[in-house]
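Notes follow once the structure below has been shown.
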Amino acid sequence: MTPLAALLADRIREGGPITVADYMAECLLHPMHGYYSNRDPFGAAGDFTTAPEISQMFGELVGLALAQAWADQGAPARFTLAELGPGRGTLMADALRATRSVPGFHAAAQVVLVEASPVLRARQRDKLAPHPVIWADTAADLPDQPLFLVANEFFDALPIHQYQCAPDGWRERLVGLRDGALAFGLSERLFKAPVLPAFRDAGPGDVVEDSPASRQVILQVLHRLTRFGGLAYVVDYGGWRSRGDTLQALRAHAFDDPLAHPGQADLTAHVDFEALCCGQPHAYTTQGVFLLRLGIEARAARLAQGLTGAALESHLAALRRLTDAREMGSLFKVLALTGAGSPPPPGFDPA
Ligand code: SAH
């Protein structure tokens with residue numbers, strides 16, 4: 001039993017079963033034993049890898065796309081360049097390097113990183129030095145000014161509730177104890193199920209997920225986009241109205257039982273982009289299409305010029321991994337949010 005499993009078992013013995021959202025929040029961000037609170041989970045020695053860690057091209061193209069959008073919106077003299085959940089800081093470092101020669105962009109940008117983990121904040125500080133950066137605990141702390149933002153594999157880490165449709169109504173999936181071990185169960189019948197598109201056409205046995213924590217963050221972002229202008233790119237795996245139980249645990253690059261190692265495995269859920277965009281103006285495509293439209297092939301060819309042998313092979317493999325439909329290209333989606341009347345976001349123009 002992990003130390004966190006023992007703490008959760010005590011809590012459940014005293015107060016009864018907890019929601020999947022509470023379970024996820026404790027597993028990921030418990031101050032002592034949370035997965036993100038005390039480790040750097042990325043890379044070959046970690047539990048998983050992400051697009052910016054696979055190739056510098058990802059952060060470079062996202063950075064240039066945000067700079068293009070900033071120019072298209074009249075190059076505001078002061079704006080927030082923000083990232084939600086920046087991990088090791090690699091995406092932002094690549095974005096800042098790629099945009100160095102965009103006239104006025106760095107001078108106008110105030111870089112704000114929304115990050116919960118003290119360990120990862122330290123990694124970000126080292127990676128981005130000497131560039132001035134400030135950290136925020138939540139999206140509610142983002143400054144009131146135009147906002148150009150990216151979030152890659154952030155929303156999949158935010159807690160979800162899971163509901164199951166039974167013949168007599170909806171029940172919430174809970175984490176309780178069976179024979180002393182953590183086990184899933186169901187609540188009593190709920191008086192009221194959340195009112196969301198995914199709930200409307202569900203039938204008996206279906207599991208539907210809801211992430212109020214994600215909506216709360218997006219509303220903070222939308223509020224600024226609407227009032228001050230800007231653009232937000234959300235990149236993650238998931239779909240439009242995703243359905244079913246998508247809670248998953250990854251440990252040392254392999255799937256794990258989500259209840260087996262609380263605090264020691266990464267826990268995620270697919271992002272439901274329809275619920276996330278809250279009916280606001282948006283554009284939506286796959287990661288593969290987005291990166292191709294932003295010109296990843298030209299950038300890849302340019303970088304390939306200096307490479308031979310194994311280095312060239314791994315560069316080409318990274319390009320495939322990011323864009324190929326059999327790899328991350330179609331599992332990962334990109335949602336672009338703007339205020340009403342903003343010019344179309346880069347990466348979504350007709351090809
Ligand atoms: N974007 C990075 C890291 C993705 S992992 C990449 O693509 O490599 C998720 C990141 O979100 C980590 O930095 C984690 O510490 C952070 N995070 C998770 N939950 C958070 C929360 N509730 N508030 C702020 N940051 C959070």
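What you see is a predicted model; the values in this text were computed from it and never measured. Hydrogens, waters and symmetry mates are skipped; everything else that's a heavy atom, side chains included, is used. Note that ligands are numbered from 1 as they come in the structure, with each ligand's atoms numbered from 1 the same way.
Within the 4.0 Å heavy-atom shell around ligand 1 one does not find L91. Residue contact annotation: T49 has no non-hydrogen atom under 4.0 Å from ligand 1.
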Hey, mind stepping through R215 and D272 against salt bridge (charged side-chain N to carboxylate O under 4.0 Å, His left out) and telling me if it holds?
-> CA-CA 10 Å; R215 278 203 305 281; D272 179 346; over 6 Å; no

Run the numbers on F290 and F58 for ring-ring contact (aromatic ring centres under 6.0 Å, His included), then give the verdict.
-> CA-CA 11 Å; F290 177 69; F58 188 82; 7.8 Å; no

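If you check which protein heavy atom lies closest to atom 26 (C) of ligand 1, you get F154 CE1, 3.6 Å. Closest to atom 5 (S) of ligand 1 among all protein heavy atoms lies Y36 OH, 3.4 Å. In terms of protein heavy-atom proximity, atom 4 (C) of ligand 1 is nearest to E153 O, 3.4 Å.
Any N or O atom pair closer than 3.5 Å counts here, and L158 shares no such pair with ligand 1. Inclusion of D137 in the set of residues having an N or O under 3.5 Å from an N or O of ligand 1 is not warranted. Considering backbone and side-chain atoms together, F42 places no N or O closer than 3.5 Å to any N or O of ligand 1.
Contacts between A116 and ligand 1, counted as non-hydrogen atom pairs separated by less than 4.0 Å, involve both the backbone and the side chain. Contacts with ligand 1 closer than 4.0 Å are made by no heavy atom of T90, backbone or side chain.
Across the listed options M24, R88, E115, E115 owns the non-hydrogen atom lying nearest to atom 15 (O) of ligand 1. Closest to atom 1 (N) of ligand 1 by heavy atom, among A213, A51, G85, P118, is G85.
Note on D10 versus R13: salt bridge recorded, some NZ/NE/NH1/NH2 to OD/OE distance being below 4.0 Å. In summary, D94 and K127 do not engage in a salt bridge, as defined by a charged side-chain N under 4.0 Å from a carboxylate O.
Checked against the 6.0 Å centroid threshold, H161 and W170 do not count as a close aromatic pair.
The P52 neighbourhood of ligand 1 comprises atoms 6 (C), 7 (O), 8 (O), with distances under 4.0 Å to a heavy atom of that residue. Each of the atoms 12 (C), 13 (O), 15 (O) of ligand 1 lies under 4.0 Å from some heavy atom of L120. Close approach to T50 involves these atoms of ligand 1, each under 4.0 Å from a residue heavy atom: 6 (C), 7 (O), 8 (O). Near S117, with a cut-off below 4.0 Å to any heavy atom, the atoms of ligand 1 are 15 (O).
Checking side-chain atoms of T19 against main-chain N and O of D22 turns up a donor-acceptor pair under 3.5 Å.
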